[in-house]
*Asks:* 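Sharing a structure here in structure tokens format.
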Amino acid sequence: MKKILTLALALCLCLGVLTVGASADGSGSLSMTADATSVQPGDTVTVTVSVASNPGTCLLELLISYDETRLEKVSYDYTGMTDVSGAWAVSTNAIWDASENSTYAGQILTLTYKVLDSAEDGDASISVTCNSAMDWDTMEDVAFSGASVTLTVCGEHTYDEGVVTTEATCTEDGVMTYTCTKCGATYTEAIAATGHSHDEGVVTTAATCTEDGVVTYTCTKCDDTYTDVVAATGHTVVTDAAVAATCSATGLTEGSHCSVCGEVIVAQEVVEKLEHTWDEGVVTTEATSTTDGVKTYTCTVCGETKTETIAATGTSGGSGSGSSGSSGSSGSSAATSPQTGDETNVALWVVLALACLGGMTVLVVSRKQKNN
């Protein structure tokens, strides 16, 4: 008898271990999300039910419950468990069954509710629990954990003063978020972009006499920059005074140039030297009968000098003058080389010439008579 009881107890323990093991290793789970968790009377809410994990099941019997004091059912629709051939039956609750296991994970139901116009402020819960799930291969139950979602009904929102959730920049709007102090609902408003705040500008390219410069302005908040033109300054003209020409140096006409860049505006032209103003001259070296003399002329303006040669006087003495650079005869007799200014020698030459001419005339006449 004791042996039979011991065997029976051992069998029960084994079955218990096997059952627990199957349940622990093969559990599944559901999840739920709502398109809005803060609602007002009259709103429509859509809730999605999904299989989060699925060890394999051929049957899902889901019980759906909701707060009927604040919500009313609009519709239940099925969308999942599509990996095997199965059938849905959806009314107040939802049942899916098939002749093989499905391991589908994803959305399976869409539940739509309307918030009652008479709904009071407070939480409205929607939940889905698994009443039954079965493994086709073992024909044993599969544990599936349920899920729920809570909606907060708020008939009239009471919003706080708002919090800046996105700072406005120079070019983009920011966001101010207001939150209901009763239900946590939020709404947002745009915060207008601040616009740039540029500094007074820095000259980044200096203007010249002939070319524009650049001034750069920088935003003190975001470093945005823009540029503007600095107009060319134009030349700063100064006069270059005329220089009078003299008898010893050339002159210049009046001109002008830029005192900043040095560019010539009006070029100066050369004025030729003036003529010297010579005095009447002074004999600085007396001529002799055999040696030329020198007469020196001095410019009365600049003091420059020039000289002229005074020809040698010859044997009879007397003096004469000659141009600069000329020279007299070097000691020839009066019979062969008359000197400039020697009137006696000139007369002698005239007499000799006349005598020769007369002699030739007599000779010609004599020959004509003889021939006749």
*Asks:* Roughly how far, to the nearest 0.5 Å, is OG of Ser127 from CG of Leu62?
*Replies:*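 Going from CG on Leu62 over to OG on Ser127, the span is 11.0 Å.
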*Asks:* Can you run down the salt bridge (Lys or Arg N to Asp or Glu O under 4.0 Å) pairs that involve residues 191-203, sequence neighbours left out, and say none if there aren't any?
*Replies:*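 Qualifying pairs, neighbours excluded: none.
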*Asks:* Tell me whether Asp212 contacts the main-chain N or O of Ala232 through its side chain, where contact means a donor paired with an acceptor under 3.5 Å.
*Replies:*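 Side chain of Asp212 to backbone of Ala232: a pair is present.
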*Asks:* State, without any angle test, whether Ser53 and Ser29 hold a side-chain donor-acceptor pair at a distance under 3.5 Å.
*Replies:*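 Looking only at side-chain atoms, Ser29 and Ser53 do form a donor-acceptor pair, the distance falling under 3.5 Å.
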*Asks:* Counting N and O atoms only, with roles assigned by atom type, does the side chain of Asn54 sit under 3.5 Å from a partner on the main chain of Gly28, one being a donor and the other an acceptor?
*Replies:*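 Checked: no pair found.
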*Asks:* Checking His257 against Glu263: is there a side-chain donor and acceptor pair closer than 3.5 Å?
*Replies:*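 Note: Glu263 and His257 side chains miss the donor-acceptor criterion.
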*Asks:* May I ask you to check whether Thr296 and Thr284 show a side-chain donor-acceptor distance below 3.5 Å?
*Replies:*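 Yes.
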*Asks:* Using distance only, find each side-chain donor-acceptor pair of residues 149-162 under 3.5 Å and give its atom names and separation, not counting sequence neighbours.
*Replies:*
unit_1, atom_1, unit_2, atom_2, d
Thr152, OG1, Asp123, OD1, 3.1
Asp160, OD1, Gly162, N, 3.0
Asp160, OD1, Thr179, N, 3.1

*Asks:* Any side-chain to backbone donor/acceptor pair from Ser27 onto Phe144? Under 3.5 Å, distance only.
*Replies:*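 Between the backbone of Phe144 and the side chain of Ser27 there is no qualifying donor-acceptor contact (under 3.5 Å).
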*Asks:* What residue pairs, at least two apart or across chains, pass salt bridge (Lys or Arg N to Asp or Glu O under 4.0 Å) with a residue in residues 60-86?
*Replies:*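 Residue pairs with at least one partner in residues 60-86: Asp67-Arg70.
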*Asks:* Pairs under 3.5 angstrom only: tabulate donor-acceptor contacts from the side chains of residues 88-97 to other protein residues two or more places apart or in another chain.
*Replies:*
unit_1, atom_1, unit_2, atom_2, d
Trp88, NE1, Gly80, O, 3.1
Asn93, OD1, Ile64, N, 2.8

*Asks:* Are the side chain of Asp35 and the backbone N or O of Thr46 linked by a donor-acceptor pair below 3.5 Å?
*Replies:*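 Yes.
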*Asks:* OG1 of Thr246 to NZ of Lys273: how many Å apart, nearest 0.5 Å?
*Replies:*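 Thr246 OG1 to Lys273 NZ: 7.5 Å, rounded to 0.5 Å.
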*Asks:* Between atom OH of Tyr217 and atom NE2 of His196, what is the distance when rounded to the nearest 0.5 Å?
*Replies:*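 Answer rounded to 0.5 Å: 15.5 Å.
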*Asks:* Which residues pass the ring-ring contact (aromatic ring centres under 6.0 Å, His included) test with His235, sequence neighbours left out?
*Replies:*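 Testing His235 for ring-ring contact (aromatic ring centres under 6.0 Å, His included), a comparison that skips the adjacent residues, returns none.
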*Asks:* Quick one: which residue pairs count as a salt bridge (Lys or Arg N to Asp or Glu O under 4.0 Å) with a foot in residues 179-195, not counting sequence neighbours?
*Replies:*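 Non-adjacent pairs meeting salt bridge (Lys or Arg N to Asp or Glu O under 4.0 Å): Asp121-Lys182.
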*Asks:* In Å, rounded to the nearest 0.5 Å, how long is the span from NZ of Lys221 to SG of Cys170?
*Replies:*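 Separation between the atoms: 4.5 Å.
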*Asks:* What distance separates Thr188 OG1 from Tyr178 OH, expressed to the nearest 0.5 Å?
*Replies:*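 Spacing of OG1 (Thr188) from OH (Tyr178) equals 9.5 Å.
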*Asks:* Donor-acceptor pair, Tyr113 side chain versus Leu116 backbone, under 3.5 Å?
*Replies:*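 It does not hold such a pair.
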*Asks:* Within the side chain of Gln268, is there an N or O that forms a donor-acceptor pair under 3.5 Å with the backbone of Leu252?
*Replies:*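 Here the side-chain-to-backbone pair does not exist.
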*Asks:* Supply the atom-to-atom distance Glu286 CD to Thr291 OG1, rounded to the nearest 0.5 angstrom.
*Replies:*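 Those atoms lie 12.0 Å apart.
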*Asks:* If two hydrophobic side chains count as joined below 4.5 Å and joins carry through other members, does Tyr78 share a cluster with Tyr104?
*Replies:*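 Looking at the clustering, Tyr104 is in the same group as Tyr78.
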